[in-house]
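Have a look at the structure below, then the notes.
Computed over heavy atoms, backbone and side chain alike; hydrogens, waters and symmetry mates excluded.
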Amino acid sequence: MSKRVDVFLLIGVIFCAIIIIGECSIYAVDIYEYDVNASSDGTKVQYSVTSSGSSRFDAILFSDADKVDDVLIFKDERYDSHYGQMKDNNLRYIFDQPYLAEQYSKQLEARGVKTICSDSKGLYDYLNDTMASPNKHAILVSSYALPQSVYTGDENDILLKWISNGGHLYWVGSEVGRYYHSDDGLVMVPNNQMLFFNSNDCINVSDIFVAKNEIQNGFRESLSLQNSRVTYGMKISSSDLSIGYEQDGYASVSFVKHGMGEICVIAGCSSLEQMADIGQIIASGVRSDTAIVEHVTGNACRGTVNGTFEGMGDVAYLYIGGIYTIRGGAFNV
């Protein structure tokens, strides 16, 4: 009798071990697969989308677009030191710098963009190291001020020279270049808009917060842009390209040429919608002269979908998951 019990006990132990090993393998191994790709043979642009589940995908072909190789995300180590002063100056949003840097990095890495999170010293070194050829590099700023090592409100500052040489600046959630951190504290730059945009009174610092109107040029839909806030957004009439939403002449996203480079102004606060938009805007390679050649949507279900665009362009951008993007990537074609 005891031998029979021992046999059943042994079988039970083995059965439980098999279940535990199987569950561990499921959680230990990534069972989901997502991938996007695009290429051109000179006569046509082909794309492919792979999904191990059932996933919506968007494939966009752009003209006059150009993707960057990497993005430095500026993590302002002095942000909290002067926030009280900025609050007195009607700064509308407070951004958690370490948290935002982490979230921006996740959004961009999921779309195939290399990111570097760095403080003031790292920002200066990045500008200096890429100054000779900055056209494939970008900086993302979500602080209300820059360090004086890169910006003091002078046209010969290293930041402005870097942009003029071809660099890309993405600015989020405050008035571009209004302040810098000095050794003695926060310093206001009175001619900041003229320095960056060659125009005055072009940034929304009024009480117009949320836009109700979609800008009808196809970018909002094709990139699944969600953020409709226009606080610190730019006047459409002062920009070279505005996308997303608009209210009373201000846009949620604007691009402006500056020398051989560009500045992108992204309005609003650090919402989940804005974070996702930033991933889309930077990863897609959209520039001030960019136009949509073709936009295709579809569904990839446990396999690979292959397609061919009808036209030709410079960059193909593909992403899986719509507003909940799982994987994305831009390809020079």
Side-chain angles (χ1 to χ4, degrees), residues 62 64-76 95 97 100-143 146-147 149-151 157-174 176-177 196-197 219 223 225 227 234 239-241 243-244 253-267 270 274-290 314-315 317 319 325 328-332:
F62 293 117
D64 295 311
D66 190 18
K67 69 188 188 76
V68 296
D69 291 337
D70 54 50
V71 177
L72 183 136
I73 302 170
F74 175 49
K75 189 166 55 173
D76 186 0
F95 286 178
Q97 293 288 287
L100 275 188
E102 179 184 2
Q103 295 306 309
Y104 292 152
S105 181
K106 287 180 178 179
Q107 292 286 348
L108 290 165
E109 296 279 353
R111 294 163 172 84
V113 181
K114 178 185 176 183
T115 61
I116 307 156
C117 297
S118 194
D119 59 8
S120 297
K121 183 181 184 305
L123 174 61
Y124 175 83
D125 290 342
Y126 182 84
L127 293 171
N128 191 54
D129 292 344
T130 60
M131 178 64 79
S133 183
N135 60 306
K136 288 290 187 178
H137 304 284
I139 293 170
L140 175 58
V141 176
S142 61
S143 179
L146 289 165
S149 58
V150 304
Y151 175 70
D157 286 333
I158 187 173
L159 174 65
L160 292 168
K161 291 173 67 175
W162 181 84
I163 300 169
S164 294
N165 278 3
H168 304 281
L169 172 65
Y170 296 86
W171 192 285
V172 185
S174 67
V176 180
F196 283 90
F197 308 120
F219 287 93
L223 290 173
L225 301 180
N227 173 47
M234 191 169 190
S239 71
D240 294 301
L241 174 67
I243 65 177
V253 181
S254 295
F255 294 83
V256 182
K257 296 175 185 176
H258 185 101
M260 293 185 292
E262 293 196 353
I263 302 164
C264 178
V265 179
I266 302 169
S270 58
Q274 188 197 63
M275 292 177 193
D277 285 3
I278 289 169
Q280 294 287 77
I281 293 161
I282 297 177
S284 64
V286 171
R287 299 286 174 260
S288 59
D289 292 326
T290 298
D314 300 313
V315 170
Y317 179 62
Y319 63 100
T325 298
F331 305 88
N332 291 323

So, do Asp277 and Val253 sit near enough that their side-chain heavy atoms are less than 4.5 Å apart?
no
Less than 4.0 angstrom from a charged side-chain N to a carboxylate O is my criterion; do Asp289 and Lys257 meet it?
yes
With no hydrogens and no angle check, do the side chains of Asp69 and His137 hold a donor and an acceptor under 3.5 Å apart?
no
Provide the closest heavy-atom pair for Cys264 versus Ile281 in the form atom of the first, atom of the second, distance.
SG-CG2, 4.1 Å
Heavy-atom pair with the smallest gap, counting every atom of Arg111 and Thr325
NH2-CB, 3.3 Å
Leu140 and Tyr104, any side-chain heavy atoms less than 4.5 Å apart
yes
Within the structure provided, determine whether Lys67 and Asn332 are in side-chain contact (heavy-atom separation under 4.5 Å).
yes
Taking Thr290 for its side chain and Asp64 for its backbone only, find out whether a donor-acceptor pair lies under 3.5 Å.
yes
Taking C-beta and beyond as the side chain, do Lys136 and Asp66 meet within less than 4.5 Å on heavy atoms?
yes
Indicate yes or no for a side-chain donor-acceptor contact from Tyr151 to the backbone of Leu160 under 3.5 Å, with no hydrogens or angles considered.
no
Look at atom NZ of Lys114 and say whether more than 12 heavy atoms of other residues, nucleotides or ligands are closer to it than 6.0 Å.
no
Check whether the side chains of Ser143 and Asp76 place a donor and an acceptor atom closer than 3.5 Å, and report yes or no.
yes
Correct closest heavy-atom pair for Leu108 and Ala283 would be CD2-N, 4.4 Å
Is there side-chain contact between Leu169 and Glu262, with heavy atoms separated by less than 4.5 Å?
no
Taking the ring of Tyr124 and the ring of Tyr126, is the distance between their centroids below 6.0 Å?
no
Do the non-hydrogen side-chain atoms of Ile282 and Val71 ever get within less than 4.5 Å of each other?
yes
Pairing of Lys121 and Asp125 as salt bridge, 4.0 angstrom limit
yes
So Tyr170 and Val141, do their side chains get closer than 4.5 Å, heavy atoms only?
no
Quick one: closest heavy-atom pair of Gly122 and Leu72, and the distance?
O-CD1, 3.8 Å
Counting C-beta onward and ignoring hydrogens, is there a side-chain heavy-atom pair between Val172 and Ile278 closer than 4.5 Å?
yes
May I ask you to decide if the ring planes of His258 and Phe196 are parallel, tilted or perpendicular, using 30° and 60° as cut-offs?
tilted
Intermediate values then yes/no, side-chain contact (heavy atoms from CB on, under 4.5 Å), Val265 and Val176:
CA-CA 8 Å; Val265 179; Val176 180; 4.1 Å; yes
